[in-house]
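Lettering of chains follows the sequences in order, A, B, ..., and the numbering in each one begins at 1.
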Amino acid sequence: MNEIKRKKSLAPGVTLLEIEAPLIADKARPGNFLILRVNEKGERIPLTIADYDRQAGTITIIFQEVGYTTKLLGSLNEGESLMDVAGPLGSHLEIKGYEKVVCVGGGSGVALLYPEVKAFSRQDSEVITITGARTRNLVILEEELRELSERLYVCTDDGTLGHEGFVTDVLQDILNEEQDIDLVVAIGPVVMMQAVAEMTEKKRIKTIVSLNSLMVDGTGMCGGCRVTVDGEVKFTCIDGPSFDAHKVDFDELSNRLSYYRDYEEMLADEDYKAGDSDE
Amino acid sequence: MNKKPEKTPMREQDITERIKNFSEVPLGYSEQEAHREAERCLQCSHKPCESGCPVEVPIPDFIAALRDGNYEKAARAMLKKNYLPAICGRVCPQAEQCEARCVLGKQHEPVAIGRLERFLGDWIMEQEEDFRESPLNPEKNKDTAFRAAVVGSGPAGLTCAAELAAFGCRVTIFEAFHEAGGVLKYGIPEFRLPGEVVSREVEAIAGQGVEIKTNCIIGKTLTIDELFDQDFDTVFIGSGAGLPRFLNIPGENLAGVYTANEFLTRINLMKAFKFPEYKTPVRLGNRVAVVGGGNVAMDAARSAKRLDTEKVYLIYRRTEEYMPARREEIEHAREEGIEFMVLNSPRRIIGKEGQVRAVECIEMELGEEDDSGRPRPVPKPGSEWTLEIDNVIVAIGQTPNPLLAQNTPDLKTEEWGGIKVDDRLETTRSGVFAGGDAVTGTATVIQAMGAGKKAAQSMIEYMKNS
Ligand SMILES: Cc1cc2nc3c(=O)[nH]c(=O)nc-3n(C[C@H](O)[C@H](O)[C@H](O)COP(=O)(O)OP(=O)(O)OC[C@H]3O[C@@H](n4cnc5c(N)ncnc54)[C@H](O)[C@@H]3O)c2cc1C
Ligand code: SF4
Ligand code: FES
């Protein structure tokens, strides 16, 4: 079970895997995620279901190799299998009924944005996509997103590609000039999502963010993924991962996310070759 | 006869050593010790101990067989009523059940029924031979071509599955996690119930022809409707009480506040105590406060103690005698240096830069009896005080996880979340039965097993009649 049927490198450090998981493929909808574990000693990590093929019985994940587990995942080859894949989890994203959508992604959030851009463009929404990266060779999925989007704006902090500056600069211009935007979707670092939320709130444009809370089970059992939304405690894995950006307590989210940062770095330093951790 | 007034003691790991590891604390009886303890039993003909057992383990019979050295006979007697003896021997609240009714207990210490059960359970695990007999179907495991689906692999689901399999039904268990066992695997720590013991008793049940499908979340991956479409004749829901309760006080979402579920799952299921070999970490500072007084709170406090911390406090709003935890666990927690702050209740959690720094408590006094039959704790005005700590672990109970009921039309629940059942344990949906913590809220392993058994019998009736 859970054999890797196809592997494709989308950019340096960004990988697509198509995995055999017929039951999940059967139920998956845009916005859902899954929990996977690579091997016996691995952690359970949530990843967005980027695509699914009910007929082939496969699901697709796209990830940037940023931490220990995503690097390990990126080192697997076609024909190898993942130990555990469970899903689909989370509530799905309502994608119908929006004519003009702006999708904003920053850093590794761009990989997570891709399936949403795809979903909206399949609905014949007009999609404007804005992506941000620190520098040129960290820009990912440029071709793929250009194909799916009406317009694509690439931003780099150092100006080595596209617009020099932040995604929010470009978004501000668009918000100032275009009055007919129905929805903004933002996925990326908390500061970026927070900045987007503040901008769109002034313009009263509905905005959805997809949160990357820390998760253990992904089924509403541990409460580790809790966030405050509109003054109420919500579980990202059950009630989310997508929430109304204007209601999320981002400061709390970023505190909770930073609690395990040292451990993530500790693991990232270790050797991550698949074989080693299997013994 | 000169019988010893005290239970034959069980050797334990030394205190100074055990707080540095996660290995089991009580080490089990040797054959001689088991024999000596079995000899203490009076073999009362009215069997008061047995009537204290929710699954009616034939206590004097198995003890007599142990005394006579006839382990095989003891095993057969045990397995007729209890499929998970090595687990129950370790975690059942014997002090309130069988041992509470033991005749010897009137003047002396009762027979150590739990320790003997553990001894027998461990012996059974070592044997190749299968001693199970089915009281329901003399032709053991004869295929009846009935098919049953079981949701959840905790003690309720496992027992229901074993009972149905013994009857000759084809059973598949669907489990959300990557491993079977429920709370036995993700909640109760290694030092009390080694994962290996759970795995072996689960394997024994799988060996009866029960198929276990992990990573399958009913309500998400498959629905109850789809189970019926897949030609299952009946479904049992033993999905447990997985939804953590919160204190609902300010500061509860600060970084460093855990639910006991998160804390224990990281440690037990994900083996965070072996980080970085295992890749899931658990972060604690030097000073940890656990809130609660049940088994879960004791397990969390004792686990925190083993993770290189300086101080572990247990904050409980009544006094020690009202703590719902097993007596043995309370004693172990004390011995291991957990500091009990009884008659206290947290008011708010104070943070600095988003992380826990302290907890403000208020002192309580005991008032009138409440619904639970225990005195109600009442706050003493003006008695607030502050305890500096780095983490809070909230262990004040769980309610049934709503995920399944939310995704299953016609499955009605009580207001507090418990799945509604009739006295045969059938839910509001025909052919769907439920039991264990999913119905009662957090109870005990043995009650969950009793419910699994009872439901299996109703399910068999249901299948025969439809
Ligand atoms: C830390 C802790 C310590 C405890 N200590 C003791 C003790 O010492 N003695 C004692 O008697 N009792 C103890 N208890 C209580 C006891 O463990 C429970 O009462 C008992 O496990 C309940 O059994 P169950 O089968 O109903 O549910 P659980 O053991 O909770 O099992 C439910 C299973 O169902 C799975 N599940 C849930 N939803 C779904 C779904 N939708 N699809 C598929 N699978 C699903 C869960 O993942 C889980 O594996 C303790 C509990 C905890 C949390
Ligand atoms: S009540 Fe005590 S002494 Fe009597 S049969 Fe039961 S265990 Fe033995
Ligand atoms: S990840 Fe555990 S409750 Fe959401």
Side-chain angles (χ1 to χ4, degrees), chain A residues 1-2 21 23-24 26-27 32 34-45 67-69 72 83-90 214-228 233 235 238 249 251-260 262-264 266-267 269-270 272 277, chain B residues 175-179 183 186-187 213-217 219-223 226 239-246 248 252-266 269-272 274-283 351 353-356 391 394 398 401-404 406:
Chain A
M1 264 293 267
N2 308 324
L23 293 179
I24 303 175
D26 223 36
K27 288 277 161 40
N32 284 153
L34 51 76
I35 292 263
L36 65 80
R37 207 167 65 122
V38 178
N39 58 32
E40 181 60 37
K41 293 177 180 171
E43 53 179 345
R44 292 168 66 94
I45 62 159
Y68 169 82
T69 302
L72 175 62
M83 187 138 180
D84 302 294
V85 183
L89 297 162
L214 296 178
M215 293 192 188
V216 182
D217 60 305
T219 63
M221 191 218 95
C222 75
C225 66
R226 64 194 185 276
V227 285
T228 303
V233 177
F235 286 3
I238 295 284
D249 183 340
D251 294 336
E252 182 185 283
L253 175 70
S254 92
N255 282 334
R256 292 189 62 80
L257 278 172
S258 64
Y259 199 60
Y260 274 99
D262 291 351
Y263 292 81
E264 285 156 22
M266 209 188 298
L267 277 182
D269 283 346
E270 258 196 88
Y272 52 79
S277 38
Chain B
E175 167 56 49
F177 269 132
H178 56 261
E179 275 188 67
V183 169
Y186 76 70
K213 282 210 160 94
T214 52
N215 297 317
C216 192
I217 306 138
K220 290 281 181 185
T221 316
L222 284 172
T223 62
E226 284 167 321
S239 52
L243 183 70
R245 277 179 51 196
F246 289 94
N248 295 315
E252 209 166 11
N253 292 345
L254 288 165
V257 182
Y258 292 100
T259 67
N261 270 3
E262 178 184 356
F263 181 67
L264 291 171
T265 302
R266 283 179 181 271
L269 185 72
M270 306 312 294
K271 304 205 167 44
K274 292 189 190 163
F275 180 87
E277 184 197 348
Y278 282 77
K279 306 304 174 194
T280 306
V282 62
R283 177 173 167 187
E353 287 159 11
Q355 289 189 18
V356 176
N391 295 92
V394 181
Q398 292 91 233
N401 189 327
L403 189 143
L404 184 59
Q406 275 165 4

Any side-chain heavy atom of E43(A) within less than 4.5 Å of one from F275(B)?
no
Interface moiety of V394(B) toward chain A, non-hydrogen atoms closer than 4.5 Å:
neither
Would the distance check show the side chain of K27(A) and the main-chain N or O of T221(B) forming a donor-acceptor pair, the cut-off being under 3.5 Å?
yes
E353(B), part contacting chain A, at a heavy-atom distance under 4.5 Å
backbone
Could you look at L264(B) and say if it's the side chain, the backbone, both or neither that has a heavy atom under 4.5 Å from chain A?
neither
If one checks every heavy atom of Y186(B) against chain A at 4.5 Å, the contacting part turns out to be side chain
Find out whether V356(B) and Y259(A) are in side-chain contact, i.e. whether some heavy atom of one side chain is under 4.5 Å from a heavy atom of the other.
no
Nearest heavy-atom neighbours spanning Y263(A) and V282(B):
OH-O, 3.8 Å
Non-hydrogen atoms of chain A under 4.5 Å away: do they reach the side chain of L403(B), the backbone, both or neither?
side chain
Ranking D26(A), D84(A), D262(A) by heavy-atom pairs under 4.5 Å to chain B gives rank one to D84(A)
K220(B), part contacting chain A, at a heavy-atom distance under 4.5 Å:
both
Drop me the distance from Y68(A)'s OH to K279(B)'s NZ, to the nearest 0.5 angstrom.
4.0 Å
So how far is it from Y260(A) OH to T280(B) OG1, rounded to the nearest 0.5 Å?
9.5 Å
With rounding to the nearest 0.5 angstrom, report the CG to OG1 distance, N401(B) to T219(A).
6.0 Å
Please find the pair of heavy atoms, one from G223(A) and one from P244(B), that lie closest to each other, and give the distance.
N-CG, 4.3 Å
Could you look at V85(A) and say if it's the side chain, the backbone, both or neither that has a heavy atom under 4.5 Å from chain B?
backbone
Can N253(B) and R256(A) be said to form a side-chain hydrogen bond (donor to acceptor under 3.5 Å, both in side chains), step by step?
CA-CA 8 Å; N253(B) 292 345; R256(A) 292 189 62 80; 5.3 Å; no
With a 3.5 Å distance limit and no angle check, can you tell me whether R226(A) reaches the backbone of E252(B) through a side-chain donor-acceptor pair?
yes
First locate atom CZ of R44(A), then atom CG of N215(B), and finally report the distance between them rounded to the nearest 0.5 Å.
7.0 Å
If one checks every heavy atom of I217(B) against chain A at 4.5 Å, the contacting part turns out to be side chain
In the structure I gave you, are the side-chain heavy atoms of L23(A) and K213(B) within less than 4.5 Å of one another anywhere?
no
Donor-acceptor check, side chain of N261(B) to backbone of M221(A), threshold 3.5 angstrom: yes or no?
yes
So, do M270(B) and R37(A) sit near enough that their side-chain heavy atoms are less than 4.5 Å apart?
yes
